[in-house]
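Comments concern the structure below.
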Amino acid sequence: MGLLAVITAGELLAGITVFVLAVFVGFEIITKIPPTLHTPLMSGSNAISGITLVGALLSAGADHGFLATTLGTAAVIMATVNAVGGFLVTNRMLEMFRKKK
Amino acid sequence: MGLLAVITAGELLAGITVFVLAVFVGFEIITKIPPTLHTPLMSGSNAISGITLVGALLSAGADHGFLATTLGTAAVIMATVNAVGGFLVTNRMLEMFRKKK
Amino acid sequence: MDTKDIIISLAYLVSAILFILCLKGLTKPRTAVRGNLFGALGMFVAVVVTLFNNNILGYGEIIFGLAVGAGIGAFLAVKIEMTAMPQMVALFNGFGGLASVLVAGAELLVLSGTVQEAFAKNPKIATAPEGTTAMLIAGLLAGLIGAVTFSGSLIAFAKLQEIKAFKKPFDYPMKQAINGALALIVFGLFVLAVSSPGSFWPYMLLTIVALVLGVTLVNPIGGADMPVVIALLNSYSGLAAAATGFVLNNSVLIIAGSLVGASGIILTQIMCKAMNRSLTHVLFGVMEAGESSMTDDEVYAGKVKSTSGDEVAMLFDSAQRVVIVPGYGLAVAQAQHAVRDLTNVLESMDIEVEFAIHPVAGRMPGHMNVLLAEAEIPYEQLKEMDVINPSFAQTDVTLVIGANDVVNPVARTDPNSPIAGMPILDVDKSRTVVVIKRSLSPGFAGIPNPLFAADNCLMFFGDGKKALLDLIAALKESM
Amino acid sequence: MDTKDIIISLAYLVSAILFILCLKGLTKPRTAVRGNLFGALGMFVAVVVTLFNNNILGYGEIIFGLAVGAGIGAFLAVKIEMTAMPQMVALFNGFGGLASVLVAGAELLVLSGTVQEAFAKNPKIATAPEGTTAMLIAGLLAGLIGAVTFSGSLIAFAKLQEIKAFKKPFDYPMKQAINGALALIVFGLFVLAVSSPGSFWPYMLLTIVALVLGVTLVNPIGGADMPVVIALLNSYSGLAAAATGFVLNNSVLIIAGSLVGASGIILTQIMCKAMNRSLTHVLFGVMEAGESSMTDDEVYAGKVKSTSGDEVAMLFDSAQRVVIVPGYGLAVAQAQHAVRDLTNVLESMDIEVEFAIHPVAGRMPGHMNVLLAEAEIPYEQLKEMDVINPSFAQTDVTLVIGANDVVNPVARTDPNSPIAGMPILDVDKSRTVVVIKRSLSPGFAGIPNPLFAADNCLMFFGDGKKALLDLIAALKESM
Ligand SMILES: NC(=O)c1ccc[n+]([C@@H]2O[C@H](COP(=O)([O-])OP(=O)(O)OC[C@H]3O[C@@H](n4cnc5c(N)ncnc54)[C@H](OP(=O)(O)O)[C@@H]3O)[C@@H](O)[C@H]2O)c1
Ligand SMILES: NC(=O)c1ccc[n+]([C@@H]2O[C@H](COP(=O)([O-])OP(=O)(O)OC[C@H]3O[C@@H](n4cnc5c(N)ncnc54)[C@H](OP(=O)(O)O)[C@@H]3O)[C@@H](O)[C@H]2O)c1
């Protein structure tokens, strides 16, 4: 079983800074949305939260022993469903509106 | 004359990430402004750009030799004028509107 | 950091930017499709560069996982019926939450091993390596939030899918006390886990308790509030992803996760406002203000006039302008195609037909738009509430199909009603109102509707689709 | 990183958040004052924690600098006249730019020393230490942008302050070619500086050339476009601060600087739109569309009716509703207090008085609001264009004081005029229009105004303040 890279205080602080700024972007970016787009927006941002996939890939590929790899692989499946399904469903909803215009 | 801490690639990348996110916050945060507030907003954000003061303090206090200290001290003066003057002027403009309400 | 790492980091930044552009695009109709594509592209970039990470040694599991996941995701996304979208989003969201639980689990498992080795090598040191605590806290948060998201989303899915067993909340005593106890246990396990970095089992226990908590939290909330709950759980799953980002020290996870977390909270608020509900009330399953001030009997007794397809067809014969008001019942009856057919028939009779879309008609925001778009009813015919309200006075027949609360005049008159203050469609201003529904039973808000007893209102009882088909048949006969 | 460093970093994050809240607050009238306080607080926090930085050894220079700077800043801010605000902002902005130049200079000076030592110790190594290039590039950018900001802001200040020598652009041949040459030199020096990290003189040369560039860029731009230029230079000074942040690897500098840089660009665009100008046209000093299609003679000959204070007083005697339209001339004449007195007199005669505020009246956004607020004219009396335009038809007398372009009907009629398409105040719809100005000379756009020749228009020639005092005297006499 391999060892894990631990984070330094500097990295943690950089992460927190990035977190805070991204939260502000998230707050500011959504102001007015027509009700029609509530559901697609929800679905699209849900697909983005499938970004855990990146973490899942790192876990699954890191070769940290059988259990960790299994957990990681299961995570890859789940996260891929979330991401792929999410963007496709969103696209389907939006296409429906578009072809009417 | 002392030596300077140099930046690592990781720090630089973190800086770039922070920069990009802050730019997005800056873009998103200002959407509609009543014309009355154009000038105060300009003046207030101008005062914020006086943040160079932090850099100036570090340069002036670092004791990196006479020339660097002199440059730093001049920078402290300039940046302080910008920051102090900026926030005060903004406040004056805004107070004028407020007392009428 | 070698050059490859630098390129990977820059690519992550690009994909974070694409996610921001995705969310921004999705807020405007004109840019929504492009926004979604940006998001998918961002995900693609992030995944591809991750594969080049030096820490990835085996590709077998990864390719297997990607293939299986993509297959399932694509299948569900393509096969699902349009009207089942909300529960599909809930399901996907649950998967995302579970993925965070698993990732955090895998990392904390390795971390506990690392810490054990460190202690084994040097039994004298009392503290774990620097950064361990931060990673532990982040991992535990990811597990906690992810698990609540997962089980909560599954319950939301079950409710929206109208699975029998979940239709009514499970009833058990002292709900709030039990939630409180669970929260306390979670807190205790959290502290325990942080103080024993060498053990993995506190994380497992924590996750299990969090799964239970997700169930007990969402269980009492009514099915109609599920869109809000899903929006909130979506925000949670973003936060869980951000937390795993802290464990892995990965900026794209942190950025994308916190973007979703923050924008999800805003979206939740916007949706609450559109439904005239407060978030606390949704979360604690309380309807605003309790009792209706009037009973069914007082409202309806002897005043309800029932009608038939033939009679309504005659009304249409002399009409010039008809407004159709779709509601939740239209979705239940799956009558969207029947409505399109009716519209075509009416238009062939030179009648002007428009649709009045109330912002919270149905059970999810934009529900009616999605439904009618599926039946290919032209976008221009759908009018928003503010636009169409002034025109009801010039409307000959308003046909209300499976809508109830959104046309309930009580919202204007009774300040104690649960829908008090909600803007409604002023259908009662039109010459005649025909309401298609199965009975006099109430809608989501659970209150009687004086409209049904109004002088100019006729009730056309029956399932939405069947009633419409009757009506079309009657119209065709008379032509 | 010791605990103190961590606390400093967290405090920087707090101050970055305060800056974000500052900008956000400043976009809404209700929260603007609080927003500004947040900004000041953020700056205070950032400065205080910086003083605890381990690298700061001497405090003498720092305290001296802070005291002198705060004294000058406070003095200027408190003493300056309200109408001189725009040039004050320009001046402050210039100082900020210069500060970035000096900070980057100090750091690059030390960096060059460090590199020399490294080479001296080990003459065989061919490359400077890791990170040197990045720091150099950031420092050079800070110097370049800061220097352009500094000299550009000073020119803007001089133009707005109407210093004689700067009133007209200096004229010299081949302006664009010279700018291009300067830009090329800057580029060359930049490359040179990056490739010789041990020398400081390329930075100095670069800064000097950038100072010249700032002058040649702003010199041709007309005084009336200065608000846009200042907004743009403000954005630049933010970027310069962000660049110094990269040199010092300091997150609050990067965040605050890029916030200002980005929001400044948006503000510049918004201001351009409000003035119906395009940014490229502002920057290259071009008025949109050249020649007016009509000469002064064609417009005015024989049709202009001049009037006097007594005559206008008589008009007011029989008026019930008066609208006052302030323009740039009001600011030039410093007649804001006279206007307030006139308003009081008119109101004592039971006349309804309102002010029509055009969004680009004057020479900076909100110019008229600031001016009239200074004279304590109640906020409620100031009406925005869209609100007041429909009411001109019911207005007996409209009094135009030193406004010209914003009431020029040519904007509606002549598609070739430089102000074509700009929405204007429809003063010509009122029963009588009285225009106070010194002559028939044109306003900012340089075109004649057919309003002055209209049947219902009377010209009251004279300096704005003097004319108003005459008018007040005449009114008081007749009372
Ligand atoms: N849009 C959203 O995002 C959202 C989310 C959560 C809550 N809500 C709430 O949901 C409500 C929506 O109002 P609404 O007027 O659309 O719906 P509603 O008030 O819930 O009424 C729906 C009506 O449809 C009828 N119906 C059900 N199945 C039917 C069928 N097969 N054929 C014909 N009729 C059928 C029901 O009456 P019968 O049983 O007599 O047929 C019921 O009265 C509002 O109170 C809103 O606040 C909306
Ligand atoms: N608000 C902004 O942010 C901004 C910024 C840049 C440009 N602009 C432009 O500036 C113009 C503003 O329009 P405006 O109507 O306010 O002003 P204007 O069109 O520039 O006209 C001002 C008039 O005031 C008169 N005047 C000058 N000094 C005077 C005094 N002491 N007493 C009496 N009258 C005096 C001048 O005529 P005499 O010389 O005959 O007295 C002049 O015609 C617009 O074209 C706008 O696009 C505005």
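Values in this document were obtained by computation on a predicted structure and should not be read as measured data. We name chains A, B, ... by the order of the sequence lines, and we start the count at 1 in each one.
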Between [options], which residue shows the highest count of heavy-atom pairs closer than 4.5 Å to chain D?
| options | value |
| --- | --- |
| A47(B), A68(B), S45(B) | S45(B) |
| L12(B), L58(B), V18(B), L53(B) | L58(B) |
| T70(B), N91(B), I48(B), V89(B) | I48(B) |
| A14(B), A62(B), G44(B) | A62(B) |
| T73(B), L57(B), T90(B), L88(B) | L57(B) |
| G72(B), A22(B), G86(B), S43(B) | A22(B) |

Select, from [options], the one with the greatest count of heavy-atom pairs under 4.5 Å involving chain B.
| options | answer |
| --- | --- |
| S15(D), G146(D), A32(D), P359(D) | A32(D) |
| V89(D), V101(D), N234(D), T50(D) | N234(D) |
| I265(D), T244(D), L23(D) | L23(D) |
| M85(D), M88(D), H367(D) | M85(D) |
| V78(D), V252(D), N250(D), N53(D) | V78(D) |
| G105(D), A99(D), A138(D) | A99(D) |

Considering only heavy atoms, which portion of [X] lies under 4.5 Å from any heavy atom of chain B: side chain, backbone, both, or neither?
| X | result |
| --- | --- |
| N93(D) | both |
| I80(D) | both |
| A242(D) | side chain |
| L259(D) | both |
| N36(D) | both |
| I357(D) | neither |
| F75(D) | neither |

Mind checking the [atom1]-[atom2] spacing from [X] to [Y]? Nearest 0.5 Å is all I need.
| X | Y | atom1 | atom2 | result |
| --- | --- | --- | --- | --- |
| N369(D) | M93(B) | CG | CE | 12.5 Å |
| I266(D) | F27(B) | CD1 | CZ | 5.0 Å |
| T268(D) | M42(B) | OG1 | CE | 8.5 Å |
| Q269(D) | I30(B) | CD | CD1 | 11.0 Å |
| F24(B) | S258(D) | CZ | OG | 12.0 Å |
| L94(B) | R34(D) | CG | CZ | 12.5 Å |

Qualifying salt bridge (charged side-chain N to carboxylate O under 4.0 Å, His left out) pairs, either residue in residues 53-78 of chain D, two or more places apart = none
Pairs meeting criterion salt bridge (charged side-chain N to carboxylate O under 4.0 Å, His left out) with involvement of residues 18-47 of chain B, two or more places apart = E28(B)-K24(C)
Evaluation steps, side chain to side chain contact (heavy atoms under 4.5 Å, CB included), between T31(B) and T27(D) | CA-CA 8 Å; T31(B) 40; T27(D) 61; over 6 Å; no
Looking at every heavy atom in both [X] and [Y], which two are closest together, and how far apart are they?
| X | Y | value |
| --- | --- | --- |
| S59(B) | V103(D) | OG-CG1, 3.6 Å |
| A46(D) | I51(B) | CB-CD1, 4.0 Å |
| S49(B) | A241(D) | O-CB, 4.1 Å |
| I62(D) | G61(B) | CD1-CA, 3.9 Å |
| M78(B) | F95(D) | CB-O, 3.5 Å |

By a 4.5 Å heavy-atom criterion (distance strictly below it), what part of T69(B) contacts chain D: side chain, backbone, both, or neither?
-> side chain
Exceeds 12 heavy-atom contacts within 6.0 angstrom, atom [atom1] of [X]:
| X | atom1 | result |
| --- | --- | --- |
| Q116(D) | CD | yes |
| Y236(D) | OH | no |
| Y59(D) | OH | yes |

Side chain to side chain contact (heavy atoms under 4.5 Å, CB included) assessment of I16(B) paired with F246(D) | CA-CA 9 Å; I16(B) 292 175; F246(D) 277 99; 3.9 Å; yes
After noting the C-alpha distance and the side-chain angles of I33(B) and L267(D), does the key distance pass the side chain to side chain contact (heavy atoms under 4.5 Å, CB included) rule?
-> CA-CA 9 Å; I33(B) 335 161; L267(D) 181 60; 3.6 Å; yes
Of V81(B), V84(B), T80(B), the residue whose pairing with I72(D) passes side chain to side chain contact (heavy atoms under 4.5 Å, CB included) | V81(B)
